[in-house]
Amino acid sequence: MDDQTRMLAGLGGLGGLTQDVGDPDSVRKQLGQPQQDIGDILQQIMAITDESLDEAQARKHALNCHRMKPALFSVLCEIKEKTVLSIRGVQEEDPPDPQIMRLDNMLLAEGVSGPEKGGGSAAAAAAAAAAGGSPNDGSIEHSDYRAKLAQIRQIYHSELEKYEQACSEFTNHVMNLLREQSRTRPISPKEIERMVSIIHRKFSSIQMQLKQSTCEAVMILRSRFLDARRKRRNFNKQATEVLNEYFYSHLSNPYPSEEAKEELAKKCAITVSQVSNWFGNKRIRYKKNIGKFQEEANLYAVKTAVDAANVSAQASQANSPATPNSGGYPAPCYTPDGRL
DNA sequence: AGATATGATTGCGA
DNA sequence: TCGCAATCATATCT
């Protein structure tokens with residue numbers, strides 16, 4: 001008969017033991033002889049289900065106060081020590097899951113899991129900025145995107161909260177149960193900890209599913225939004241004029257600095273990246289077909305010259321935006337009368 | 001409707 | 001990260 005069977009058998013006969021209460025060895029000797037039929041024990045166990053809560057509590061109390069309890073407890077401790085090896089292997093700490101980390105990072109970047117103010121609206125604003133609409137143009141898609149993102153965010157947080165609440169409730173429940181049980185059987189804090197970590201692992205795998213589907217939803221939303229970006233609109237006439245003016249007056253080096261881009265963006269009511277796009281397109285298209293742009297170039301050269309003249313009439317000649325054409329792109333050629 | 005213009009995107013190299 | 005070159009997708013012109 002092994003220890004556990006002996007223990008079961010012994011439970012039924014606790015009442016009959018009177019001597020050597022504190023000595024596990026003597027207890028084991030006595031417990032070693034089956035004093036009651038297995039059938040009786042089973043009957044007792046089955047009877048537990050028929051007991052009321054009060055009866056069960058009373059019974060539990062009686063058991064806890066039983067004079068044999070310390071002896072039984074120490075026997076259980078011994079058994080425990082023998083079996084503890086088997087659970088040792090299970091409790092290695094696993095490192096943070098890279099998959100979860102990826103999902104977390106993405107949710108943070110998209111403004112789903114981060115703080116309310118910065119993330120969502122910032123990401124939406126950035127996306128809207130990339131969308132290229134002027135403040136008025138993009139507003140419909142922008143607010144639409146923001147609303148959808150906020151919806152996703154809200155669902156994500158409420159689900160997450162639900163999971164966390166369920167997890168902590170369940171953990172508490174299990175911990176209370178184990179603490180309660182620890183009065184009658186040896187349960188080390190380490191074991192409770194282990195059980196808690198098992199529960200947490202289970203719940204974090206559920207959380208991962210939530211995060212995964214949230215990421216998917218964001219990706220779908222984003223891709224829809226990016227498709228919408230293709231619906232471009234031409235810049236207004238004034239904006240194109242401002243950009244062209246800068247381009248042709250800096251034809252030798254049509255690369256606006258970051259500050260210049262910002263200023264142009266402000267003047268044209270577009271974004272800095274739109275200014276960059278415009279200059280990129282302009283440079284390449286001008287270079288590819290200088291002839292075609294000649295007229296335009298002359299037009300703006302004259303315009304710039306007139307502006308500069310006006311400025312110099314008022315003040316000194318110092319800050320004309322035009323730089324002499326030297327290298328870079330070929331300058332437009334003039335006829336003596338100012339025409340091509 | 002087809003041609004052309006134009007803003008945006010993508011892939012690559014420095 | 002920036003710019004170039006090719007390309008896409010849409011707007012506008014003829």
Side-chain angles (χ1 to χ4, degrees), chain A residues 102 105-106 108-111 118-119 121-146 148-149 215-304 321-332 340:
Chain A
R102 265 202 305 278
N105 285 341
M106 189 192 152
L108 204 65
E110 293 298 333
S121 50
S134 65
N136 297 325
D137 295 342
S139 63
I140 295 167
E141 290 128 77
H142 183 171
S143 62
D144 203 32
Y145 179 86
R146 231 159 71 168
K148 294 249 162 63
L149 196 70
C215 279
E216 269 172 36
V218 172
M219 291 312 279
I220 289 166
L221 179 67
R222 250 188 114 77
S223 72
R224 267 197 216 141
F225 189 71
L226 288 174
D227 285 347
R229 293 196 290 181
R230 290 277 188 189
K231 285 194 179 113
R232 65 172 188 81
R233 254 178 224 181
N234 292 355
F235 298 155
N236 63 38
K237 220 176 159 204
Q238 185 252 337
T240 316
E241 223 160 89
V242 169
L243 294 167
N244 271 317
E245 240 169 77
Y246 188 98
F247 181 81
Y248 287 111
S249 65
H250 295 74
L251 205 52
S252 61
N253 185 35
Y255 297 88
S257 65
E258 201 53 39
E259 291 80 44
K261 279 182 193 171
E262 272 166 30
E263 202 177 322
L264 285 167
K266 215 193 248 173
K267 268 192 198 166
C268 302
I270 57 177
T271 66
V272 171
S273 65
Q274 283 180 301
V275 172
S276 301
N277 284 341
W278 189 91
F279 273 87
N281 284 325
K282 191 73 183 181
R283 279 191 299 263
I284 194 87
R285 283 163 187 164
Y286 179 82
K287 205 173 87 174
K288 266 188 176 172
N289 196 349
I290 295 170
K292 200 180 79 184
F293 287 94
Q294 206 66 261
E295 201 180 332
E296 191 180 65
N298 286 324
L299 198 77
Y300 281 101
V302 170
K303 205 168 147 58
T304 310
T323 45
N325 293 319
S326 54
Y329 292 94
L340 281 174

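Protein chains get the first letters and strands the later ones, always in sequence-line order, with residue 1 at the start of each.
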Inset, instruction - Answer yes or no: does a side-chain N or O of A/Arg283 lie under 4.0 Å from OP1 or OP2 of C/dC4? - result: yes
Legend entry - Counterpart residues, side chain to side chain contact (heavy atoms under 4.5 Å, CB included), relative to A/Glu258 (two or more places apart): A/Lys261, A/Glu262, A/Val272
Legend entry - Whole angstrom value for the distance that separates C1' of C/dC8 from CG of A/Asn277: 13 Å
Legend entry - Residue pair A/Asn244 / A/Trp278, side-chain heavy-atom distance below 4.5 Å: yes
Legend entry - Partners passing side chain to side chain contact (heavy atoms under 4.5 Å, CB included) against A/Lys292 (at least two apart in sequence or in another chain): A/Asn289
Inset, instruction - Go through the structure and list residues passing salt bridge (Lys or Arg N to Asp or Glu O under 4.0 Å) with A/Glu263, not counting sequence neighbours. - result: none
Inset, instruction - Examine the base of B/dA5 for any acceptor or donor lying under 3.5 Å from a partner atom in the side chain of A/Asn234, and report the outcome as yes or no. - result: no
Inset, instruction - Round to the nearest Å and state the distance from A/Tyr255 atom OH to C/dT1 atom C1'. - result: 15 Å
Legend entry - Between P of B/dT4 and CG of A/Asn289, the distance in whole Å: 12 Å
Legend entry - Given B/dT9, C/dA6, B/dG7, the nucleotide with the shortest approach to the side chain of A/Arg285: B/dG7
Legend entry - Closest nucleotide among B/dA5, C/dA5, C/dG3 to the A/Lys287 side chain: C/dA5
Legend entry - Phosphate OP1/OP2 of B/dT6: any A/Asn281 side-chain N/O under 4.0 Å: no
Inset, instruction - Nearest whole angstrom, please: distance from the C1' of B/dT4 to the NZ of A/Lys292. - result: 8 Å
Legend entry - Phosphate OP1/OP2 of B/dA8 contacted by A/Gln274 side-chain N/O (<4.0 Å): yes
Legend entry - Dot-bracket encoding of pairs in DNA chain C, which uses [ ] for pseudoknotted crossings and | for another strand, Watson-Crick or G-U under 3.5 angstrom: ||||||||||||||
Legend entry - Partner set under salt bridge (Lys or Arg N to Asp or Glu O under 4.0 Å) for A/Lys267, not counting sequence neighbours: none
Inset, instruction - Determine the interplanar angle of the A/Phe247 and A/Phe279 rings, folded into 0 to 90°, and report it as parallel if under 30°, tilted if 30 to 60°, perpendicular if over 60°. - result: tilted
Legend entry - A/Arg233 CZ to C/dA11 P, straight-line distance once rounded to whole Å: 8 Å
Legend entry - Interatomic distance, A/Lys261 NZ vs C/dG3 C1' [rounded to whole Å]: 9 Å
Inset, instruction - Only counting residues at least two apart or in another chain, list the ones meeting side chain to side chain contact (heavy atoms under 4.5 Å, CB included) with A/Asn277. - result: none
Legend entry - Whole angstrom value for the distance that separates C1' of B/dT6 from CZ of A/Phe279: 15 Å
Legend entry - Atom-pair distance (CD1 on A/Ile284; C1' on B/dG11), nearest Å: 14 Å
